[in-house]
Each structure stands twice: as structure tokens, then as C-alpha cells.
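Numbering of ligands and ligand atoms starts at 1, following listing order.
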Amino acid sequence: MDNAKLILEGKEFQLPVKVGTEGEVGIDISTLRSKTGAITLDSGYGNTGSCESTITFIDGEKGILQYRGYPIEELALKSSFTEVSYLLIFGHLPKKEELEKFNYDLTHHSLLREDMKKFYEGYPPTAHPMGVLCSMVVSLSAYYPDSPDELYRNIIRLLAKLKTIAAFSYKKSIGQPYIYPRNDLSFTGDLLHMMFAVPSEEYKVSKTVEDALDLLLILHADHEQNCSTSTVRMVGSSEANLFATIAAGICALWGKLHGGANQHVIEMLEMIQKDGGDYRKYVERAKDKNSEFRLMGFGHRVYKNFDPRATILKKTADTVLDELGIHDPLLDIAKNLEKVALEDSYFIERKLYPNVDFYSGIIYRAMGIPTEMFTVMFALGRLPGWIAQWKEMRDDPNMRIYRPRQIYTGCTKRSYTPVEER
Ligand code: ACO
């Protein structure tokens, strides 16, 4: 493809064009400032490519999502979360022996250092588990030094221990004793066991719930340069250690416009239910520019047709609830809300469709996972993606610290006045 031409103050500049393997076109502006003295301005980075990446491809217009070239629909059907984690981090589908070793390593690094349990004592039971998750993750850096020799082990430690940290924070919030990881269970089976077993009773992990959780984690595993992943790259670019970098990603995910939306979807549906179930009223409120209310779980910066993850989850929600014999009135409200919104010109014109968070909350609820833990589940799923993106950036010989510029619009130079004279 030809260079792009930029005309600024009558002068013409050539800018190279980079075309990705799926045909995405980017104008390379890395020499723009040195050539022209100008920068680009792109609030919210909607038009800015911050890196080249080989990990995840999204076509938001066509509703395509691929990890390392494999369509999400196929991975959701045929793969497992640990296999997808390997694929994202190491770039290829693991051979049998590679997957066995990876699963063995993940199983044998899931214990927390005993003294880390004391950290939980410092939190009130009402602490949001995302805050606890983030501080526990950064605390891992106190135990496991950052060194190139420890890279593989630190990646394994993080993947293996995050579920233990998450389960312990749930147990802390309900005042129950911690349940230790078990080596005979699958990754998701172990997580469920640590969350729901109690010492006095036998707890059998439900296959339906285990499979559904595995699917949810696969669907959340990566999503290219979203807010939390960009945060991970931003923080990691300063060469902060892996644990500190991932902790920053967890904080970014927490917000309700990002991963926190799954919790807010359920809170919204409960609010509509308590208010008599009049979902149409809430569609009207979401359209009203004088109201701050938005339909949580609707809209996406990239998907402008449908979110393929939401399509899979809508079907899964029906299957899981059926298999568990649960009738959740919130699922009926969600479906009605979706139907009304999708026929409404406001949502059609703005290309607002349900996103991954719209149905995931209903499934988590059916599994017995409390609302405050939903975003923690998202973080567990997104972890391999964050690690893969961080590793790709660290392995790039041209990596530079992330340092955007700005257009300054404040006061021009002025003199200081002493306080008595103001
Ligand atoms: N309900 C009502 N109106 C909406 C919604 C919504 N959920 N989302 C966007 N809009 C409207 C906006 O008001 C705006 O209207 P306008 O053009 O008349 O001003 C238009 O649609 C475009 O919205 P923006 O906020 O500019 O879109 P942006 O790409 O910046 O935001 C976002 C995307 C944050 C996801 C937004 O759609 C939103 O707030 N959705 C609800 C929260 C949510 O579900 N977040 C999870 C996203 S998925 C994820 O992170 C895992």
C-alpha cells in the first residue's frame, strides 16, 4: 500500500502505511513529531494503535475474535482454559507433553505462602474482593524476585496462585475457613472447590458448573488492547515487575465501564426487578441524555455488530440454567431488555449490542458465585492475556517506555502572586 500523505501548513509529508496480516491498515506516525513538530490527538485512543501484536485479532464490524488465529467459537467448543492460556502466552497450541507439563506446573504452584494468609486478616469482611486481589498480587513480588531466570516460574506462580488468592478472599468475606488447593482437581474444579467446600462436608464439583466456568474463562482470556491490557503494557513498559504490572491491570479492570460491568449488570437487573420489572422504562432512561443511567452490559468500543462472546454466552446461560434446574427471573428481564433495545432506533443507530458482561453475570449467579466476585472471575480469565501481552512487549527489542504526549490547553506563563496580594 502507498504511503499516506499529510499536508500541514502547506507542506506535504509522507507517512508509511503498515498493513496487518488480516488487512488492518495503520498509518505509521512514529516520525511525525520529528518531521512536522506536530502530534496526533485522539482522546480515548479510539484511532490509535499502540503496538503491533501477534496475539489476538478482532474485527468489530464482523464480530470476529481470534486468539493466535483460532476463532473463539472453536476454542470455546474444543479447548480448555489452561490450553488457551498456553496458546496465548507461548504462541502455539501445546503438544500433549507440553500441556501435561503446563497443567502439572499449574497444579503444583497453587499454594500460597502460609504467612500470606495473615494479610487477609488486615481487611474488613466488607472489603471488595477486587481490592484484595490486587494487593495480594502485588504482594507476591515480595516473595518471588523478578529475574529473567525466574520468568517461566513467575508466570506459572501467578496463573496458579491467582485462583487461590481469589477463593481465599471470598472465604474471608463470608467468614469461613480457607480451603486449600487440591492437586487432583482440574483448574476450574479446584477453584470451585476452594470457594464452595466447607471442612465439615463433602463437596462434589458439578461438571456442568466446572465446564461453564472453563468456558467463561476462555471467553475472557484476551481482548487485544483494551483498557486493562493497555494498562498492563503501560506499567510493564517502565520495567515494573510482573506482579506489580498485573496488579495495575486488575485495578483497571475493576471499573464499571470495563470488567466491573458484569457486577453492575446484575445490580441493574435486580433494580429493574425490584421496581416491578418494567424494563421498557429503563430503556427509556438509558436513552435520556439528562439521566446518567446506561444499560450496563450494552455497547462496546470495538464491536459494532455483535460481540461473539455474548452470542456464545446467551446460549450457555440457557443451557446452564436448564441443567442446574434454575429459573432465574433476571434472565427473563435480561432477554426482554435485549429484545426491546435491539429494536429501538437509539441503540440501532449507535450500534449498541449486548457485550460479554451482559450474560456472564447470569451464569455466575446460577453457579452460586456472589455478585462482588464476578469481576474477580473476569480477572482470572484475563490473566493469561495480560501475561501474553506483557511478555510480547518485553520480548520486543524495540520496546520503549510508554509515554504519550498532550496538547496543553492551560494558562500561558504567568507570575506568582504572594497569598496576601491575591
Ligand atoms: N446505554 C445507553 N447509551 C449508551 C451505552 C449504554 N450502555 N453505551 C453507549 N451509549 C451511547 C452514548 O451515550 C453515546 O451516545 P451519543 O453519541 O448520543 O453521545 C454513544 O452511545 C457512544 O457511546 P460512547 O460512550 O462514546 O462509546 P465508547 O466507545 O466510548 O464506550 C462503553 C464504550 C464504555 C463500553 C459504553 O458503551 C458503555 O458505557 N457501556 C456500558 C458499560 C459496559 O457494559 N461496559 C463493558 C464493556 S465490555 C468490557 O469492557 C469487558
Using 4.0 Å as the upper bound for N to carboxylate O, is an ion pair formed by Lys287 and Glu284?
yes
Quick test of your reading of the model: are Asp357 and Lys256 salt-bridged, counting only N-O distances below 4.0 Å?
no
Polar side-chain atom of Thr164 near backbone of Ser110 as donor-acceptor pair, under 3.5 Å:
yes
In sequence, state the C-alpha distance, the side-chain angles, and the governing distance for Tyr303 and His223, and then conclude on ring pair (Phe, Tyr, Trp, His ring centres under 6.0 Å).
CA-CA 11 Å; Tyr303 292 120; His223 215 233; 5.2 Å; yes
Listed by chain and number, what are the side-chain hydrogen bond (donor to acceptor under 3.5 Å, both in side chains) partners of Lys351, not counting sequence neighbours?
none
Compile the protein residues with any heavy atom at a distance under 4.0 Å from an atom of ligand 1; present them by chain, then by number.
Lys256, Leu257, His258, Ala261, Ala286, Lys289, Arg294, Leu295, Met296, Gly297, Phe298, Gly299, His300, Arg301, Tyr346, Arg350, Leu352, Asn355, Val356, Asp357, Phe378
Paired with Asp222, the side-chain hydrogen bond (donor to acceptor under 3.5 Å, both in side chains) test is passed by just one of Gln66, Gln389, Arg382, Arg68, namely Gln389
